[in-house]
Amino acid sequence: MPLIAILPGDGIGPEVMAHATRVLEHYRDARKLPLELWQLDLGAERFLRDGTTFPKDVQARIANEASAVLLGALGDPRVPNLEYARDILFGLRFGLDLYANVRPIRALADRLVPLKDRTAKDIDLVVFRENTEGIYVGIGGQFKRGTPDEVAINEDVNTRKGVERIIRAGFEYAKRHGKKTVHMADKSNAMKHAHELWYRCFFEVAKEYPGIDAKHVYVDALCLYMVQDPRPFEVVVTNNLFGDIVTDLGAALQGGLGMAASANVHYADPKRVAMFEPVHGSAPPLVGKDLANPIAGFLTVGMMLAHLGWPEEEERIERICAEAVTTGNCTPDVGGTKGTKAVADWFLERLAAS
Ligand code: NAD
Ligand code: IPM
Ligand code: MN
């Protein structure tokens, strides 16, 4: 029976994950999906209580027994250096070698699209963000800290294996989903070592996919084009840092961070444990106000159920989320007047009736 580790985390994380858990309980109890739910008490509260970040025995059980991890968000202003959050988040992404951070950018209703003359059908792409290397690896250091001569270095690590496998994942996805184009976004004009590798590798891998149009785009221009006209983009492959930035821009095209879901997977071996999280963070200003949009969390559960072998449930969840937005059963960030709990109650009722 698939074991799902649920890590609500910090800030609005526990608020939205409480309702995401209700959705999973519905699937377990009413629809009899074989799911075992395992709630984890990790995050800022736990760290402040006893110094725990990501215990080895929990890491081992996730790696050896779990099928998926559902993560809310991490980040708490009471712990400014966020060391514990990186331990957990990167412990999962790097530790489980989840090299593909798959972030769909799809608008579920016309009203959510902020671009002039564009509607929901124009916003439909997926970003394949490299998730195990780049500037996120934490290699570097500080020298003469606090003096006028201080130096701070973060190394950007790009391996042939790492670059090639995320590019291949983008093409494989395109092939399986009938997409005609894959874009690769880099800064090979400025980063002559690292991104020359990306550029060369992209066109080499592209030769294995003759039916798919391989297009290079500089990441700065990509940001421009995504706002001017996102229609040409179907699959975008990029590195860790650029993927982080481009997907927040993408979230804006979907109606905001309350609508953006993501999966962290080992794309070549989908049987491995994967991790699912909304793209948003812990949103400290919203905490305790019943304002957090739970839809990103629901869509994330949908991605997880599809990954576990129930793609029709992802479609069902997405349909009800779209209906929530079009009928005004949604939070203020997407134009509604309801609170988190009322939206979740409505969603669960519709789910039960569907
Ligand atoms: P954020 O995503 O928390 O918030 C950015 C903006 O989006 C804010 O205006 C916020 O109100 C809004 N927003 C986010 N989620 C929302 C939701 N569900 N409903 C309605 N509005 C929502 O990003 P931030 O403010 O830059 O970061 C806050 C903290 O979260 C930081 O500690 C950051 O490091 C962390 N963070 C964690 C993750 C993660 O754990 N995966 C992701 C992003 C940021
Ligand atoms: C995200 C977040 C994280 C990232 C932060 C919290 C380290 O912004 O998942 O988008 O940069 O990957
Ligand atoms: Mn981000």
Side-chain angles (χ1 to χ4, degrees), residues 7-20 42-44 47 53-54 69-94 98-105 112 114 127 129-138 154 238-252 254-264 275-301 321 324-325 330-344 347:
L7 218 155
D10 309 325
I12 61 165
E15 297 178 24
V16 296
M17 281 301 119
H19 302 297
L42 296 173
F47 176 70
T53 64
F54 195 20
V69 180
L70 182 65
L71 173 76
L74 293 160
D76 187 307
R78 293 172 299 172
V79 192
N81 79 10
L82 293 176
E83 198 62 48
Y84 77 98
R86 279 191 296 277
D87 262 16
I88 299 170
L89 188 61
F90 299 160
L92 289 161
R93 291 180 183 171
F94 299 163
L98 304 176
Y99 65 89
N101 191 330
V102 183
R103 297 187 157 187
I105 300 173
L112 298 177
V127 174
R129 167 190 179 187
E130 202 295 319
N131 210 30
T132 49
E133 42 185 67
I135 215 152
Y136 277 66
V137 295
N154 270 95
T238 192
N239 68 38
N240 208 336
L241 179 64
F242 296 168
D244 178 45
I245 298 167
V246 161
T247 55
D248 263 30
L249 192 155
Q254 295 172 269
L257 279 162
M259 300 298 298
S262 79
N264 301 258
M275 194 263 280
F276 299 82
E277 51 178 335
V279 177
H280 67 71
S282 54
L286 304 186
V287 176
K289 297 186 178 146
D290 200 33
L291 282 173
N293 186 347
I295 288 181
F298 297 154
L299 295 169
T300 299
V301 169
C321 288
V325 173
C330 52
T331 45
D333 57 303
V334 282
T337 54
K338 293 203 162 167
T340 310
K341 184 173 181 307
V343 173
F347 180 92

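Both counts, for ligands and for their atoms, begin at 1 and track the order of listing.
In terms of polar-atom proximity, defined here as any N/O pair under 3.5 Å, Asn293 does make such a contact with ligand 1. For the pair Ala283 and ligand 1, the shortest N or O to N or O distance falls below 3.5 Å. In terms of polar-atom proximity, defined here as any N/O pair under 3.5 Å, Glu277 does make such a contact with ligand 1.
Ranking the protein heavy atoms by distance from atom 32 (O) of ligand 1 puts Gly75 CA, 3.4 Å first. Among all protein heavy atoms, the one lying closest to atom 16 (C) of ligand 1 is Ile12 CD1, 3.9 Å. Considering only non-hydrogen protein atoms, atom 34 (O) of ligand 1 sits nearest to Leu82 CD1, 3.8 Å. With hydrogens left out, the protein atom closest to atom 39 (C) of ligand 1 is Leu74 N, 3.9 Å, a heavy atom. Looking from atom 2 (O) of ligand 1 to the surrounding protein, the closest heavy atom is Gly281 N, 2.7 Å.
Per-residue contacts place Leu257 under 4.0 angstrom from the following atoms of ligand 1 (heavy atoms of the residue considered): 2 (O), 5 (C), 7 (O), 14 (C). Applying the 4.0 Å criterion to heavy atoms of Pro284 picks out, from ligand 1, the atoms 28 (C).
Residue contacts with ligand 1: Val16 is excluded, as none of its non-hydrogen atoms falls under 4.0 Å. A heavy-atom separation below 4.0 Å is not found between Thr331 and ligand 1. Ligand 1 lies less than 4.0 angstrom from a heavy atom belonging to Ser282. Look at Ala292 and you'll find a heavy atom under 4.0 Å from some atom of ligand 1.
The closest side-chain heavy-atom distance from His19 to Val343 is not below 4.5 Å. Counting only heavy atoms from C-beta outward, the side chains of Leu42 and Thr53 never approach each other to under 4.5 Å.
Counting protein heavy atoms under 4.0 angstrom from atom 8 (C) of ligand 1 gives zero. Counting protein heavy atoms under 4.0 angstrom from atom 12 (C) of ligand 1 gives zero. For atom 24 (P) of ligand 1, no protein non-hydrogen atom is found at a distance below 4.0 Å.
For ligand 2, residues of the protein lying within 4.0 angstrom by heavy-atom distance are Leu89, Phe90, Arg93, Arg103, Arg129, Tyr136, Asp244.
Contacts between Leu286 and ligand 1, counted as non-hydrogen atom pairs separated by less than 4.0 Å, involve the side chain only.
Here Leu241 contributes atom CG and Asn154 contributes atom CG; the two are 10.0 Å apart, rounded to the nearest 0.5 Å.
Between Phe90 and Tyr136, the ring-plane angle classifies as perpendicular under the 30° and 60° cut-offs.
Excluding water, every protein N/O/S atom under 2.8 Å from the Mn ion (ligand 3) is given here by residue and atom: Asp244 OD1.
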### Message
Before you tell me yes or no, could you show the steps for Glu277 and Asn264 under side-chain hydrogen bond (donor to acceptor under 3.5 Å, both in side chains), namely the whole-Å CA-CA distance, both residues' side-chain angles and the distance that decides it to 0.1 Å?
### Response
CA-CA 8 Å; Glu277 51 178 335; Asn264 301 258; 3.2 Å; yes
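No side-chain donor from either of Asp10 and Ser282 sits under 3.5 Å from a side-chain acceptor of the other.
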